[in-house]
Student: 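Please see the structure below; I have some questions.
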Amino acid sequence: MKIGYPCVNESLDCSSGATFRLASYSAERVETTVAGNLACLQRILEYNVAHGLRFFRIGSSIVPFGSHPINTFAWRTRFAAGFQALGDYIRAENMRVSFHPDQFVVLNSPNADIVQRSIAELEYQGAMLDLMGLDSTAKLQIHIGGLYGDRDAALARFIATYRTLPEAVRRRLVIENDDRLFSLQDCLRVHEAVGIPILFDNFHHECLHHGEPMAEALRLAAATWHPARDGVMMMDYSSQQPGERKGKHAATLEEELFRGFLGHLHGLDVDIMLEIKDKEASACRAISVLHELQLVAAEATAAR
DNA sequence: CTCAGTCAAGGGAAC
DNA sequence: GTTCCCTTGACTGAG
């Protein structure tokens, strides 16, 4: 089981997602920004190794305007060695990384331009994983998309588009159940049609479900991952921020809830991405919780 | 220097 | 029909 957090490290004084505005675009600026972003990413990964965090979601803006037509800078060749060095480090330290393209990537949009831009963004993020020399266990995580007033048609469009995706994208793509529109059941329907793995989000499942108990939901999602091709199932973990709008992520890890959740795994191996506001601080506490539980288990074994 | 407004991109729900 | 939400930092330009 690997534990991780997304995109930003709040303890370090650098960002791996520094960007700039379209109006101030220049090739030189792309070059200096990417160089800085890659250097910061390396520092974040080293921090993670030092703290036992072996799962990390890389932010989408490593390369500013990475899939935008304005960016004609040959970053793939210019930074080939930089990406490869990062990938070498990730593999050497037995880490796992992923990307989560943001809400503008909508594969089931009825608008062909949006779909085309979405595919371009997925190709850009997949290309970074290729440059790092990482296999198809490094995933690109997206949601099914919009509803457009017709669930069946929306799912059918996703499936049709998925079948047209380039192999470099398709081998890495996974879908996540969301908190308002597409539940685990919807994801399972897509999985049954095309075999795509489901990245399970426990908090979204709490917000939107059809009565499946947590342990059952985990089992269903886990069965969609092909071990050799996809690796250990990935999941997002969060909990409700008390007193806030339903679906608002917790500001910090509530350890009792996390312990309770781990109990639903029943030995299932998962890599857990903590979608908690305070990032690595909570991730480190999650590691502590795991260690305590392992200690308790070891003592119980010794006592027998 | 400071600070408020803004930044490529979508979609849904509240009002 | 319009505004606000997600989610986030950091860039930008006005003062």
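Naming convention: chains lettered A, B, ... in sequence-line order (proteins, then strands); numbering from 1 in each chain.
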Student: Checking side-chain polar atoms at under 3.5 Å, does A/H51 have a donor or acceptor matched by the opposite partner on A/E280?
Tutor: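 No donor-acceptor contact under 3.5 Å links the two side chains.
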Student: Under 4.0 angstrom, heavy atoms only, what part of the nucleic acid is A/Y148 near: base, sugar-phosphate, or nothing?
Tutor: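 A/Y148: backbone/sugar contact only, no base atoms under 4.0 Å.
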Student: Mind telling me whether A/Y5 and A/F56 have parallel, tilted or perpendicular rings, with 30° and 60° as the class edges?
Tutor: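 The arrangement is perpendicular - the two ring planes meet at more than 60°.
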Student: Are side-chain heavy atoms of A/I198 and A/L220 found at a separation under 4.5 Å?
Tutor: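 Side-chain contact under 4.5 Å: no.
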Student: I need the CG-P distance between A/L107 and B/dG11, as an integer number of Å.
Tutor: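 That distance rounds to 11 Å.
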Student: When you check every protein heavy atom under 4.0 Å of nucleotides 10-15 of chain C, what one-letter string (B, S, -) results, 5' to 3'?
Tutor: SBS---
Student: If a pair means Watson-Crick or G-U wobble with both distances below 3.5 Å, what does DNA chain B look like in dot-bracket form, with | marking bases paired to a different strand?
Tutor: |||||||..||||||
Student: Near DNA chain B, which residues from residues 110-120 of chain A have a heavy atom under 4.0 Å away?
Tutor: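 Only A/I114, A/R117 qualify.
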Student: Provide, to the nearest angstrom, the distance between the OH atom belonging to A/Y124 and the C1' atom belonging to B/dA8.
Tutor: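 It works out to 13 Å between those atoms.
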Student: Looking only at side chains, do A/N111 and A/S109 share a donor and an acceptor under 3.5 Å apart?
Tutor: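 No pair is found: no donor N or O on one side chain lies under 3.5 Å from an acceptor on the other.
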Student: Taking CZ from A/R157 and C1' from B/dG10, how many angstroms apart are they, rounded to a whole number?
Tutor: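 Those two atoms, CZ and C1', are 13 Å apart.
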Student: Mind calculating the distance between CD1 (A/I44) and C1' (C/dG9) to the nearest angstrom?
Tutor: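 Atom CD1 in A/I44 sits about 13 Å away from atom C1' in C/dG9.
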Student: Taking the same atom, P, in B/dG5 and in C/dC4, what whole-Å distance lies between them?
Tutor: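 Pairwise P distance, B/dG5 against C/dC4, rounds to 13 Å.
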Student: Do A/L268 and A/L274 land in one hydrophobic cluster if side-chain heavy atoms of ILVMFWY residues count as linked below 4.5 Å?
Tutor: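 Yes: a chain of side-chain contacts under 4.5 Å links A/L268 to A/L274.
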Student: Rounded to whole angstrom units, what separation is found between the CG atom of A/L22 and the C1' atom of B/dA8?
Tutor: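 Atom CG in A/L22 sits about 6 Å away from atom C1' in B/dA8.
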Student: Is any side-chain heavy atom of A/H100 closer than 4.5 Å to a side-chain heavy atom of A/E176?
Tutor: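 Sidechains of A/E176 and A/H100: in contact.
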Student: Just say parallel, tilted or perpendicular for the rings of A/H68 and A/F65, cut-offs at 30° and 60°.
Tutor: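 Ring orientation, 0 to 90° scale: perpendicular.
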Student: Given atom NZ of A/K246 and atom P of B/dA14, what is their separation to the nearest angstrom?
Tutor: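 It works out to 12 Å between those atoms.
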Student: Between atom CG in A/N71 and atom C1' in B/dA9, what is the gap in whole Å?
Tutor: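 Result: 15 Å.
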Student: Among pairs that include at least one residue of residues 13-109 of chain A, which meet disulfide (SG to SG under 2.5 Å), considering only residues two or more places apart or in two chains?
Tutor: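 Every disulfide (SG to SG under 2.5 Å) pair that includes a residue of residues 13-109 of chain A, provided the two are not neighbours, is A/C14-A/C40.
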Student: Would you call A/E206 and A/M214 a side-chain contact if the rule is heavy atoms closer than 4.5 Å?
Tutor: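 A/E206 vs A/M214: side chains touch.
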Student: Do A/Q141 and A/D236 have a side chain donor and acceptor closer than 3.5 Å?
Tutor: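 Result is yes, a qualifying pair exists.
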Student: Of all residues at least two apart in sequence or in a different chain, which pass the side-chain hydrogen bond (donor to acceptor under 3.5 Å, both in side chains) check with A/E167?
Tutor: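 Residues passing side-chain hydrogen bond (donor to acceptor under 3.5 Å, both in side chains) with A/E167: A/R170.
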Student: Distance between the P atoms of B/dT6 and C/dT3, in whole angstroms?
Tutor: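 My reading of the P atoms in B/dT6 and C/dT3 gives 13 Å.
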Student: Would you tabulate the pairs of protein nitrogen or oxygen atoms and nucleotide nitrogen or oxygen atoms of nucleotides 2-8 of chain C closer than 3.5 angstrom?
Tutor:
residue, atom, partner, partner atom, Å
C/dT8, OP2, A/K277, NZ, 2.5

Student: Kindly give the heavy-atom pair with the smallest separation between A/T252 and A/S282, and that separation in Å.
Tutor: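 Heavy-atom minimum between the residues: OG1-OG, 3.4 Å.
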Student: Could you check whether the rings of A/H249 and A/H204 sit parallel, tilted or perpendicular, using 30° and 60° as the cut-offs?
Tutor: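 The arrangement is tilted - the two ring planes meet at 30° to 60°.
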Student: Mind checking the P distance from B/dA13 to C/dT7? Whole angstroms is fine.
Tutor: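 That atom pair is separated by 16 Å.
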Student: State, yes or no, whether a side-chain contact exists between A/R96 and A/V232 at a heavy-atom distance under 4.5 Å.
Tutor: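 With C-beta onward as the side chain, the pair touches.
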Student: Kindly state whether the pair A/F104 / B/dA9 counts as stacked, where counting means centroids closer than 5.5 Å and planes tilted less than 30° apart.
Tutor: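 Ring-base stacking flag set for A/F104 and B/dA9.
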Student: Need one value for A/I70: base, sugar-phosphate or nothing, where a base atom within 4.0 Å counts as base even if backbone is also close, heavy atoms only.
Tutor: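 Result for A/I70 = nothing.
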Student: Applying side-chain contact (heavy atoms from CB on, under 4.5 Å) to A/F182 and A/H143, what does each step give before you reach the verdict?
Tutor: CA-CA 8 Å; A/F182 293 103; A/H143 295 287; over 6 Å; no
Student: I need the CG-C1' distance between A/D102 and B/dG11, as an integer number of Å.
Tutor: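 It is 13 Å, rounded to the nearest whole Å.
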Student: Can you tell me, in whole Å, how much space there is between the P of C/dT12 and that of B/dA8?
Tutor: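 Each nucleotide's P atom is 10 Å from the other's.
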